[in-house]
Amino acid sequence: MLLTRRGHALAVVGARRYSLAPRLDQRMEDDPERRTLVALCRLLTGTDPALPALDPSLQPWPN
C-alpha cells in the first residue's frame, strides 16, 4: 500500500513492514508529521505496542 498526501508519496506499507519516503525519513524523530505517519504505519502493519490492549476484533490483520 502506498500512503500519499496531496499526490506526494509518504510511505510504503507492507504486511509487516513500512518504509518512509526519503524526505520524512530524514526528519528528526520528534517531528509531528513523521510521528503521525509512523504511528499510522505501525497501526496498519499491526506493530503498534498499544494493539495488544485492543479488543481482538479491532486489531488489523494483514491480507
Side-chain angles (χ1 to χ4, degrees):
M1 173 188 312
L2 178 65
L3 298 178
T4 63
R5 180 178 173 208
R6 297 182 184 156
H8 298 285
L10 298 176
V12 176
V13 181
R16 295 274 179 219
R17 299 184 328 156
Y18 64 89
S19 299
L20 297 179
R23 67 180 187 81
L24 283 178
D25 197 35
Q26 295 169 358
R27 290 188 185 184
M28 299 298 291
E29 294 287 329
D30 62 350
D31 177 78
E33 188 172 351
R34 179 186 169 129
R35 288 179 56 204
T36 299
L37 187 62
V38 167
L40 175 61
C41 290
R42 286 181 176 162
L43 179 67
L44 292 173
T45 58
T47 58
D48 189 317
L51 284 177
L54 293 177
D55 182 301
S57 66
L58 301 176
Q59 292 184 10
W61 296 99
N63 291 338

Qualifying residue, where the test is side chain to side chain contact (heavy atoms under 4.5 Å, CB included) with Val13 and the options are Leu43, Leu2, Leu44, Leu37: Leu44

Distance, nearest 0.5 Å, that separates CG of Leu24 from NE2 of His8: 11.5 Å

Worked check of side chain to side chain contact (heavy atoms under 4.5 Å, CB included) between Arg5 and Leu10: CA-CA 7 Å; Arg5 180 178 173 208; Leu10 298 176; 3.4 Å; yes

With sequence neighbours excluded, residues passing salt bridge (charged side-chain N to carboxylate O under 4.0 Å, His left out) with Arg27: Asp31, Glu33

Any residue meeting side chain to side chain contact (heavy atoms under 4.5 Å, CB included) with Ala21, in chain and number order, not counting sequence neighbours: none

Heavy-atom closest pair, residues Thr4 and Ala9: CG2-CA, 4.1 Å

Residues clustering with Met28 (ILVMFWY side chains joined when closer than 4.5 Å, directly or via others): none

Any residue meeting side-chain hydrogen bond (donor to acceptor under 3.5 Å, both in side chains) with Glu29, in chain and number order, not counting sequence neighbours: Arg34

Candidate pair Cys41 and Leu3, rule side chain to side chain contact (heavy atoms under 4.5 Å, CB included), full reasoning: CA-CA 9 Å; Cys41 290; Leu3 298 178; 4.0 Å; yes

Atom CZ of Arg23: over 12 foreign heavy atoms under 6.0 Å: yes

Connected via hydrophobic side-chain network under 4.5 Å: Val38 and Val12: no

